[in-house]
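Here is the structure we will look at, set down as structure tokens.
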Number of protein chains: 2
Amino acid sequence: MIGLPPFAQNFILHWGEMGTKWGINRTVAQIHALLFISEEPLNAEGICNRLGVARSNVSNSLKELQNWGIVNVVHLPGDRRDHFESVKDVYELFRIIATERKRREIDPTLRNLRKSADEAGEPNNPADAYAKGQLEDLLGFFEMISDFYEKMDRMPTKSAVKIFRMGDKIAKTLGVITK
Amino acid sequence: MIGLPPFAQNFILHWGEMGTKWGINRTVAQIHALLFISEEPLNAEGICNRLGVARSNVSNSLKELQNWGIVNVVHLPGDRRDHFESVKDVYELFRIIATERKRREIDPTLRNLRKSADEAGEPNNPADAYAKGQLEDLLGFFEMISDFYEKMDRMPTKSAVKIFRMGDKIAKTLGVITK
DNA sequence: AATTTATTTCATAGATTTCTGTAAAGACAG
DNA sequence: CTGTCTTTACAGAAATCTATGAAATAAATT
């Protein structure tokens with residue numbers, strides 16, 4: 001990892017590890033980290049040099065980041081190479097990631113749970129009845145999460161932040177006790 | 001996958017796939033799915049038979065689930081084998097998972113971001129200054145999420161659910177516009 | 001203590017994912 | 001159209017992760 005100050009290396013390596021814990025390829029996460037803290041857009045070659053990974057790996061990883069919608073191509077005048085830059089606003093970034101995860105993970109799970117609960121029909125034994133009940137509970141939970149995501153998505157960032165910051169005060173206002 | 005109705009198989013297979021997208025071993029997720037919809041605690045042997053995986057795999061996976069705190073050992077009278085049951089309440093389940101993910105992922109990231117921002121010191125060039133600024137933004141975001149988690153954890157389930165369900169109404173009450 | 005039953009550990013086989021180098025394709029200037 | 005620069009696709013190598021069976025350990029029963 002060349003030409004990067006230690007604090008940046010620190011962060012990039014950690015972000016890479018964190019990525020793997022979330023099912024995201026290490027290199028993909030590292031490239032994202034690099035672009036996120038880089039003021040100027042970088043070209044693929046530059047990313048290669050800094051992270052010390054193969055050109056083709058960078059190419060594929062960049063495509064993956066573009067699929068997620070958190071990295072964009074830009075062109076600099078007088079340079080025909082593609083340059084890449086990350087979404088720089090933290091809230092915008094996580095909003096995009098949340099929306100994408102919902103689409104890829106929550107939505108298919110909702111469909112599966114509906115289908116499974118449906119297929120269970122009228123259970124003819126207690127075990128199946130119990131299982132169906134559990135699936136319905138899970139479905140209810142995922143529906144709640146899904147609706148919440150959508151509400152957040154329609155909200156301006158400021159409102160969403162307020163909800164996160166004031167979570168406990170809101171609960172008190174609603175007349176419920178916090179332990 | 002033997003002795004399970006199709007709707008249960010459906011769910012277990014999907015939960016397994018979903019697990020892999022979240023960095024959780026497929027078998028671990030499948031075992032959890034099975035225990036979650038099973039009214040009675042199951043022993044390792046029973047899990048083997050139903051899922052068709054090796055005994056040792058089940059043993060290790062069960063240990064992993066116990067580390068997460070979402071599966072517990074119980075003993076049935078007159079049977080010396082360990083039996084296992086999942087946390088059955090959906091809210092309780094996700095509360096535990098969230099707390100655990102915070103501990104394993106958010107907290108280390110907070111530490112790393114603080115360390116990195118700290119190491120950056122007084123940047124002596126604009127690029128480093130920008131990078132440090134981005135890290136500080138990220139740190140602020142993770143601190144917000146971390147605090148929110150903790151607030152939720154101290155709240156009774158009902159209050160947490162209210163916040164999730166009423167997200168947009170709350171925002172309106174706070175005097176902010178939803179798009 | 002010996003036997004039976006249950007569980008865990010561990011080395012390795014197997015599968016999957018990731019990374020690389022090369023070759024092909026595409027884009028552009030002259 | 002040709003030559004150069006750039007990006008992408010792909011096949012195989014390398015690394016990582018997962019699952020297995022056998023052996024070791026532990027626990028209960030006789």
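Residue numbering restarts at 1 for every chain, and letters A, B, ... go by the order of the sequence lines.
In this structure, R26(A) places its CZ atom 10 Å from C1' of dA15(D), rounding to the nearest Å. Regarding D82(B), its CG atom lies at a distance of 8 Å from the C1' atom of dT7(C), rounded to whole Å. Regarding E17(B), its CD atom lies at a distance of 10 Å from the P atom of dT17(C), rounded to whole Å. In this structure, H83(B) atom NE2 and dA6(C) atom P are separated by 10 Å, rounded to whole Å. Separating the CZ atom of R81(B) from the P atom of dT4(C) is a distance of 18 Å, rounded to the nearest angstrom.
Between the side chains of E64(B) and N25(B), no donor-acceptor pair of N or O atoms lies under 3.5 Å.
Inter-residue side-chain proximity for L93(B) and F36(B) is flagged as met; some heavy-atom pair is nearer than 4.5 Å. Counting only heavy atoms from C-beta outward, the side chains of F142(B) and I106(B) approach each other to under 4.5 Å. Counting heavy atoms from C-beta outward, L13(B) and M1(B) have side chains that approach closer than 4.5 Å.
Within residues 42-65 of chain A, the residues approaching DNA chain C are V53(A), A54(A), S56(A), N57(A), by heavy-atom distance under 4.0 Å.
R80(B) comes within 4.0 angstrom of a nucleotide base, judged by non-hydrogen atoms across all strands.
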*Kindly indicate, with the supporting measurements, whether the criterion side chain to side chain contact (heavy atoms under 4.5 Å, CB included) is fulfilled by W22(B) and E105(A).*
CA-CA 9 Å; W22(B) 284 80; E105(A) 292 146 22; 3.1 Å; yes
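Residue whose closest nucleotide on DNA chain C sits further toward the 5' end, between N25(A) and Q66(B): Q66(B).
Ring geometry for F94(B) versus F141(A): interplanar angle under 30°, hence parallel rather than tilted (30 to 60°).
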